[in-house]
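Read through the structure below, which is laid out as structure tokens, and then see the notes.
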Amino acid sequence: MTNRPRASLGRVLDDLGATLLELVHGDPDQPAEIGGIVIHDPLDEPVLPHHALVLGVGLQEPSLIARVLRDLGHQQAAGLVVRAPIAPDDAITKAVTDSGVALLGLTRGASWDQLAVLLRSLLAEGDVGVAEPETLGGMPSGDLFALANAAAALLDAPVTIEDRSSRVLAFSNRQDEADPARVETVLGRQVPQRYSRLLNERGVFRELYRTDQPVYIPPLAVTKGEHTLPRVAVAVRAGDEILGSIWAAVRDPLSEERTQAFCDAAKLVALHMLRIRAGADVERRLRADLVSTALEGGAGARDALDRLGLADQPVVVLALAVPVSDSLVGEAGMATERQRLADAFAMHLGAVHPRSAAALVGDIAYGLVPVRADRSDGEENAVRIAKDFLDRIGERVTATIGVGPVVRETARLPHARAGADRALRVLRTGRGSQRVARLADVHVETLLLELRDLIEARGDQPTGPIARLVAYDSEHNTNLVETLRAWLDAFGDVIAAAAAVYVHPNTFRYRLRRLAEVGELDLDDPEARFAAMLQLRVVNPPRPNRPLPEGT
């Protein structure tokens with residue numbers, strides 16, 4: 001994927017102005033490039049990327065707008081968008097001047113969701129990759145908005161680029177010069193159904209996809225009293241495959257020169273659309289490399305964080321274990337399922353924090369979530385984010401997520417990853433009903449698992465009283481080890497321990513006396529009890545899967 005320069009406020013207003021946005025106060029020619037799109041939430045304080053463009057959904061009161069502008073100024077935001085019209089107010093004007101944050105108005109009739117999609121598409125916010133931008137035909141690779149503007153300049157008409165389903169992928173400026181149907185198309189990112197129906201009935205799409213030449217569409221009567229401007233459309237092809245189409249709202253049929261220019265533009269758009277499609281897999285692999293490099297904490301970690309947009313800020317690491325259904329056969333099915341859930345995880349984190357990064361590394365999906373430097377609840381917020389994700393995917397997938405500690409230095413990222421991995425390992429053993437845990441929540445369990453690993457690596461066997469009880473059980477087909485385990489687990493409560501192993505309390509008391517004799521174990525000695533419990537936990541002799549018999 002390319003890492004083309006992100007747009008400034010000036011470019012946003014040039015591309016989306018008049019149709020969607022207007023500048024209310026502030027300087028649109030700020031040299032800084034917009035670093036991301038963030039939706040304002042009065043109940044949360046997200047980590048803003050540098051020079052963010054903030055969507056102020058629901059902000060109406062002038063005093064509140066002024067306060068938000070001042071707060072955004074402290075975080076070096078580029079602009080704030082609120083719903084137009086905005087009444088003149090001295091406090092707002094002063095807040096814009098003092099904060100340096102531009103104030104923009106969103107036109108009536110446009111939805112915030114549509115604006116967010118358009119802005120992120122325009123800014124290519126998620127792109128990571130090579131240091132220098134790639135180009136195709138002199139245009140930044142994959143930048144369909146730049147192509148739409150170039151085609152509009154060649155044809156002297158507003159242009160849209162659409163996919164096979166008539167969804168708008170990009171549009172040029174000057175859309176206000178077209179008709180209401182075009183404006184509605186741009187605002188809704190989809191050709192209106194009543195217009196699509198007319199085009200289908202007249203066989204426009206059939207003709208369009210049958211030829212490589214532009215098709216002229218005369219004015220259409222969309223509703224009573226409403227007629228569209230003429231259109232000229234050309235299919236975008238890759239060999240025999242139809243990728244989409246380009247539409248221009250014109251006053252007259254195209255000249256021969258402009259017809260040829262339109263055909264040439266369609267060929268260039270096809271290259272860019274193919275590049276975008278191929279780039280999705282490339283970006284995924286590249287992002288996985290960057291996330292993996294950052295987590296390793298080596299010499300390239302700093303550069304990886306820079307390219308992910310996470311340098312110079314605290315982060316918390318999440319580790320998602322992606323289970324695979326038994327119904328999936330073969331490595332291909334397993335890999336597809338893991339990648340699907342990893343992509344969903346990345347999408348969820350990106351929706352919560354625009355500068356989050358997530359990728360599948362091996363069979364674990366890791367997420368890096370930025371944390372505000374002035375907040376101390378980073379781990380708790382990460383737990384909430386993880387639980388929200390698992391709630392969204394439901395009970396069908398029994399995924400688990402470990403949360404590592406917050407780290408403020410690049411060199412500490414391997415420590416954060418190890419913490420997330422350790423917490424995740426406890427969850428994957430199936431202990432309890434937890435699906436999300438911090439390392440602090442399961443620290444003792446992680447130590448026991450690691451001690452068990454050490455014992456298994458050395459090949460250590462039970463010693464002392466436990467060894468004698470294991471040998472006696474094996475020789476006499478008794479269950480003294482399990483009796484001791486039940487008693488220790490019940491903290492010496494004979495009634496509870498007897499119920500746990502399905503025997504009468506008197507029988508259990510007899511067995512308790514018998515195991516003390518056989519194992520030469522002083523049950524009144526706290527050190528002896530602790531040693532026995534530790535061996536039973538970490539040396540872990542096999543536990544029977546049946547109730548204990550009444551006999552010894």
Could you list the donor-acceptor pairs under 3.5 angstrom formed between side-chain atoms of residues 516-524 and any protein atom two or more places apart in sequence or on another chain?
| unit_1 | atom_1 | unit_2 | atom_2 | d |
| --- | --- | --- | --- | --- |
| Glu517 | OE1 | Arg514 | NH1 | 3.3 |
| Asp522 | OD1 | Asp524 | N | 3.0 |

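- Between Arg422 and Glu450 a salt bridge is recorded (basic side-chain N to carboxylate O distance below 4.0 Å).
- In summary, of the residues considered (Val317, Val403, Asn381, Leu318), a side-chain contact (heavy atoms from CB on, under 4.5 Å) with Val369 occurs for Leu318 alone.
- A donor-acceptor contact shorter than 3.5 Å is absent between the side chain of His40 and the backbone of Gly58.
- For Arg438 and Asp441, the salt-bridge test passes: some basic side-chain N is under 4.0 Å from an acidic carboxylate O.
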Table please: side-chain donor-acceptor pairs of residues 404-420 below 3.5 Å, with sequence neighbours left out.
| unit_1 | atom_1 | unit_2 | atom_2 | d |
| --- | --- | --- | --- | --- |
| Arg412 | NH2 | His415 | NE2 | 3.3 |
| Arg417 | NE | Tyr366 | OH | 3.3 |

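- When all heavy atoms are compared, the tightest approach of Leu368 to Ala294 is CD1-CB, 4.4 Å.
- Every side-chain hydrogen bond (donor to acceptor under 3.5 Å, both in side chains) that Glu241 has, sequence neighbours left out, goes to Arg277.
- His476 contributes a side-chain N or O that, together with a main-chain N or O of Tyr472, makes up a donor-acceptor pair within less than 3.5 Å.
- Residues passing the side-chain hydrogen bond (donor to acceptor under 3.5 Å, both in side chains) test with Asp493, sequence neighbours excluded: none.
- For Thr463, the side-chain hydrogen bond (donor to acceptor under 3.5 Å, both in side chains) partners are Gln535, not counting sequence neighbours.
- Applying the side-chain hydrogen bond (donor to acceptor under 3.5 Å, both in side chains) criterion to Asp473, with sequence neighbours excluded, gives Thr478.
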